[in-house]
Amino acid sequence: MSEEPFIQAFRVQGLDVEMHKHAAYQLVYAVDGVFDTVVGGVRHEDIAGFLIAPNVAHQCSVGGRVLMVLNVEPGSKASRMTVPSTTRS
């Protein structure tokens, strides 16, 4: 069995998320419109999506929108292939 850290993808609809942070890189995008978010203390309105580094506090207000979310653990093969080593912790 592989020791590869996980890559997780999922679809959510109408789920507002409280301020939080996690160890994964995260790509979030709206399938059917725009949403509002706070990332690293800065509010962004009417955006289609975002990409954040690990341990960055963020929250989302999506209304009834459908969002796709991709979480990539920093130690995963995908992370090593796409993220410059100077940005990894």
Side-chain angles (χ1 to χ4, degrees):
M1 179 171 259
S2 173
E3 294 295 319
E4 181 69 16
F6 79 96
I7 298 172
Q8 179 184 45
F10 52 96
R11 175 187 181 274
V12 296
Q13 182 172 5
L15 179 65
D16 289 344
V17 179
E18 299 289 326
M19 188 67 67
H20 69 286
K21 59 183 177 179
H22 38 73
Y25 292 93
Q26 189 172 63
L27 172 65
V28 176
Y29 67 92
V31 173
D32 61 348
V34 295
F35 62 101
D36 299 338
T37 188
V38 176
V39 176
V42 179
R43 182 167 177 77
H44 304 275
E45 296 180 344
D46 298 327
I47 65 168
F50 62 83
L51 173 65
I52 58 169
N55 299 311
V56 174
H58 58 286
Q59 68 88 28
C60 297
S61 300
V62 301
R65 300 285 182 233
V66 174
L67 300 183
M68 296 302 294
V69 180
L70 177 67
N71 291 333
V72 179
E73 287 294 320
S76 69
K77 185 175 182 179
S79 173
R80 292 190 304 271
M81 292 171 57
T82 60
V83 179
S85 61
T86 57
T87 63
R88 279 190 240 131
S89 51

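Atom set for the values below is all heavy atoms of this structure, side chains included, hydrogens, waters and symmetry mates excluded.
Taking every heavy atom of both residues into account, E73 and A24 meet most closely at OE2-CB, 3.7 Å. The two residues A53 and Y25 have their closest heavy-atom pair at CA-CD2, 3.8 Å.
Both V62 and F10 are assigned to one and the same hydrophobic cluster, defined by single-linkage of ILVMFWY side chains at heavy-atom distances under 4.5 Å. A single hydrophobic cluster is seen to contain both F50 and L67, as judged by linkage of ILVMFWY side chains at heavy-atom distances under 4.5 Å, directly or through other members. Residues L51 and V72 are members of one and the same hydrophobic cluster, defined by side-chain heavy-atom contacts under 4.5 angstrom among Ile, Leu, Val, Met, Phe, Trp and Tyr. Residues M68 and I47 are members of separate hydrophobic clusters, defined by side-chain heavy-atom contacts under 4.5 angstrom among Ile, Leu, Val, Met, Phe, Trp and Tyr.
Note on residues 9-20: pairs passing side chain to side chain donor-acceptor pair (under 3.5 Å), not counting sequence neighbours, are H20-H58.
Residues passing the side chain to side chain donor-acceptor pair (under 3.5 Å) test with Q8 are N71, sequence neighbours excluded. Residues satisfying the ring pair (Phe, Tyr, Trp, His ring centres under 6.0 Å) test with H44, not counting sequence neighbours, are none. With sequence neighbours excluded, the residues forming a side chain to side chain contact (heavy atoms under 4.5 Å, CB included) with L15 are V12, V17, listed by chain and number.
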Counting only pairs under 3.5 Å, give me each side-chain donor-acceptor contact of residues 29-41, with atom names and distances, residues two or more places apart or in other chains.
{"from": "D32", "atom 1": "OD1", "to": "V66", "atom 2": "N", "distance (Å)": "2.8"}
{"from": "D36", "atom 1": "OD1", "to": "D46", "atom 2": "N", "distance (Å)": "2.9"}
{"from": "D36", "atom 1": "OD2", "to": "R43", "atom 2": "NH2", "distance (Å)": "3.4"}
{"from": "T37", "atom 1": "OG1", "to": "Q59", "atom 2": "O", "distance (Å)": "2.5"}

